[in-house]
Novice: 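Sharing a structure with you now.
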Number of protein chains: 2
Amino acid sequence: MSDVKPAEGPVNIGEAPSSVGFLLSQLGFVMARRFQQVMAPLGLEPRQFLLMRLVAFNEGKTQQALGEALNIPASRMVAIVDELERRGLLERHPDPADRRVRRLYVTAEGRRLLQQALEVAMAHEQRVSAPLGPAEREQLLALLHRLADDQQITAGVHPDLTTPDPAGC
Amino acid sequence: MSDVKPAEGPVNIGEAPSSVGFLLSQLGFVMARRFQQVMAPLGLEPRQFLLMRLVAFNEGKTQQALGEALNIPASRMVAIVDELERRGLLERHPDPADRRVRRLYVTAEGRRLLQQALEVAMAHEQRVSAPLGPAEREQLLALLHRLADDQQITAGVHPDLTTPDPAGC
DNA sequence: TATTGTTATACTCTATAACTATA
DNA sequence: TATAGTTATAGAGTATAACAATA
């Protein structure tokens, strides 16, 4: 019960042995934040960028199909597409055969912005990879892919917070 | 303006060339979620675990000093410490010399729980590292540390969302 | 007047589910 | 009855700043 002598020095960050899990978690957050920052000047959030890119690769797909591919719930898709459409970056087209569905298309302006965004993304990738040589970078990518496969991560789909729990511990 | 023929096949996830940034972001989210899941049975959120661990390494430090070390705002610290104290895992002790400050101590029960949590964390680390051999794991750690240094990541401190932007792009 | 810890308010994001119009 | 998209409601988490006690 007696108080220990209150140390007044600097706080000691308990040095744990290097951890793959914690390092990846730290780096993942920082990478996501940096990417968000470099995209911000274009007015694109990471999620909007991923959707624009997906629509460009899949013109005419339904809003629902695209949302499912990115694990974005239908009710969230509405607001996201609303804004991108309002800004003239993509369009909802009605389907003559089924008037419930909305098929998404990228506009000419959307394509221009997407092109810029892709260039920004490539520059970002170069920047964050800068500390590594080409061979080291390939080595890292190979190792990360091994872990990603083990975790059943789908290429191109970000496991934001949308997926509660796929399966298997 | 004429509609393109609406493709009805599967959605094509545009295969981008492998990206260190995106892979790290994906893996980081998954690692954080898995860690959260393995800690849940102990009733500890990752943030609570980090704080418990920090207090154990720094008994008698003030609430404010500990919060700053983890980049947790003072107003958030209150609720976090409230709950851990309510559960009997740590205690606020008044400082006789300055009655404004609260110095934090881990209780015996807190120590027991922390010990369990550390074991869970080690098992988690082994699990996520399982796809790699010992040499590969060391290789990966070395490469990740290079990137972490470049991003000015502090060992043991998670850049959750608390740090808006340190400095330098 | 400055500082530690606390509390209160407002805001953002999200999930959930109700709702509409079609099928 | 089922489905695509939409809207509405409520909840969690947070930042911000006001506040009380003490220095």
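To find a chain, count down the sequence lines: A is the first, B the second, and so on, and within it residues start at 1. All values derive from a computational prediction rather than experimental measurement.
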Novice: Side chain of Q63(A) only, heavy atoms from C-beta on: which candidate in dT6(D), dA15(D), dT4(C) is closest?
Specialist: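 Within the option list, the nearest is dT6(D).
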
Novice: Rounded to the nearest Å, what distance is computed from the CD atom of residue Q36(B) to the C1' atom of nucleotide dA12(D)?
Specialist: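 Going from Q36(B) (CD) to dA12(D) (C1'), I get 13 Å.
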
Novice: Just the atom pairs and distances: protein N or O near nucleotides 10-12 of chain C's N or O, under 3.5 Å.
Specialist:
none

Novice: Do the side chains of L104(A) and E91(A) get nearer than 4.5 Å, heavy atoms only?
Specialist: no

Novice: Rounded to whole angstroms, how far apart are CZ on R102(A) and C1' on dT7(D)?
Specialist: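 For the pair R102(A) CZ and dT7(D) C1', the rounded distance is 14 Å.
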
Novice: Listed by chain and number, what are the ring pair (Phe, Tyr, Trp, His ring centres under 6.0 Å) partners of F49(B), not counting sequence neighbours?
Specialist: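 If we apply the ring pair (Phe, Tyr, Trp, His ring centres under 6.0 Å) test to F49(B), skipping adjacent residues, the hits are F35(B).
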
Novice: For D149(B), which residues count as a side chain to side chain contact (heavy atoms under 4.5 Å, CB included) partner, sequence neighbours excluded?
Specialist: none

Novice: Which residues pass the side-chain hydrogen bond (donor to acceptor under 3.5 Å, both in side chains) test with R111(B), sequence neighbours left out?
Specialist: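 Checked R111(B) against side-chain hydrogen bond (donor to acceptor under 3.5 Å, both in side chains); matches are E59(B).
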
Novice: CG of N71(A) versus P of dT14(C): gap in Å, rounded?
Specialist: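 Those two atoms, CG and P, are 14 Å apart.
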
Novice: Select base, sugar-phosphate, or nothing to describe what V78(A) touches, counting heavy atoms under 4.0 Å on all strands.
Specialist: base

Novice: Does the side chain of L140(A) come within less than 4.5 Å of L144(B)'s, by heavy atoms?
Specialist: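 Yes, side chains in contact.
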
Novice: Quickly work out the R103(A) CZ to dT3(D) P distance and round it to whole Å.
Specialist: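 Going from R103(A) (CZ) to dT3(D) (P), I get 17 Å.
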
Novice: How many whole angstroms separate atom CD of E45(B) from atom C1' of dT14(D)?
Specialist: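 Roughly 14 Å, once rounded to whole Å.
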
Novice: Encode nucleotides 17-23 of chain D as B, S and - characters from 5' to 3', where the letter depends on protein heavy atoms closer than 4.0 Å: B to the base, S only to sugar-phosphate, - to neither.
Specialist: B---BBS

Novice: Between the two ends of the helix from dT1(C)-dA23(D) to dA23(C)-dT1(D), what is the bend in degrees, rounded to 10 degrees, where each end axis spans five pairs?
Specialist: 30°

Novice: Separation of L104(B) atom CG from dG5(C) atom P, in whole Å?
Specialist: 8 Å

Novice: For a quick test of your reading: what N or O donor-acceptor pairs under 3.5 Å do the side chains of residues 50-57 of chain B make, sequence neighbours left out?
Specialist:
| from | atom 1 | to | atom 2 | distance (Å) |
| --- | --- | --- | --- | --- |
| R53(B) | NH2 | G14(A) | O | 2.1 |

Novice: For E109(A), what residues pass the salt bridge (charged side-chain N to carboxylate O under 4.0 Å, His left out) criterion, not counting sequence neighbours?
Specialist: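 Per chain and number, E109(A) pairs via salt bridge (charged side-chain N to carboxylate O under 4.0 Å, His left out) with no residue.
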
Novice: For residues 131-143 of chain A, pull every pair meeting side chain to side chain donor-acceptor pair (under 3.5 Å), keeping only residues two or more places apart or in separate chains.
Specialist: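 Only E125(A)-R137(A), S129(A)-R137(A), E136(A)-R146(B) qualify under side chain to side chain donor-acceptor pair (under 3.5 Å).
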
Novice: Measure the acute angle between the ring planes of F29(A) and H158(B), then classify it against the limits of 30° and 60° as parallel, tilted or perpendicular.
Specialist: perpendicular

Novice: Taking CG from D82(A) and P from dC13(C), how many angstroms apart are they, rounded to a whole number?
Specialist: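 Taking CG of D82(A) and P of dC13(C), I get 15 Å after rounding.
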
Novice: Does R76(B) put a side-chain nitrogen or oxygen below 4.0 Å from OP1 or OP2 of dT7(C)?
Specialist: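 Result: no.
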
Novice: Roughly how many Å is it from CD in E83(A) to C1' in dT6(D), rounded to a whole number?
Specialist: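 These atoms are roughly 17 Å apart.
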
Novice: Is there any side chain to side chain donor-acceptor pair (under 3.5 Å) pair reaching into residues 40-52 of chain A, and which pairs are they, with sequence neighbours excluded?
Specialist: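 For residues 40-52 of chain A: none.
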
Novice: Distance check: side-chain N/O of R47(B) vs OP1/OP2 of dT14(D), anything under 4.0 Å?
Specialist: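 For dT14(D), OP1 or OP2 has a side-chain N or O of R47(B) closer than 4.0 Å.
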
Novice: Output all residues satisfying salt bridge (charged side-chain N to carboxylate O under 4.0 Å, His left out) with E68(A), sequence neighbours left out; order by chain, then residue number.
Specialist: none

Novice: Taking side chain to side chain contact (heavy atoms under 4.5 Å, CB included) as the definition, give me every residue that meets it alongside E119(A), ordered by chain and number, with sequence neighbours left out.
Specialist: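 Counting only residues at least two positions away or on another chain, E119(A) forms a side chain to side chain contact (heavy atoms under 4.5 Å, CB included) with Q115(A), M122(A).
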
Novice: Determine: side-chain N/O of Q64(A) to OP1/OP2 of dA4(D), distance under 4.0 Å, yes or no.
Specialist: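 Affirmative; the distance criterion is met.
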
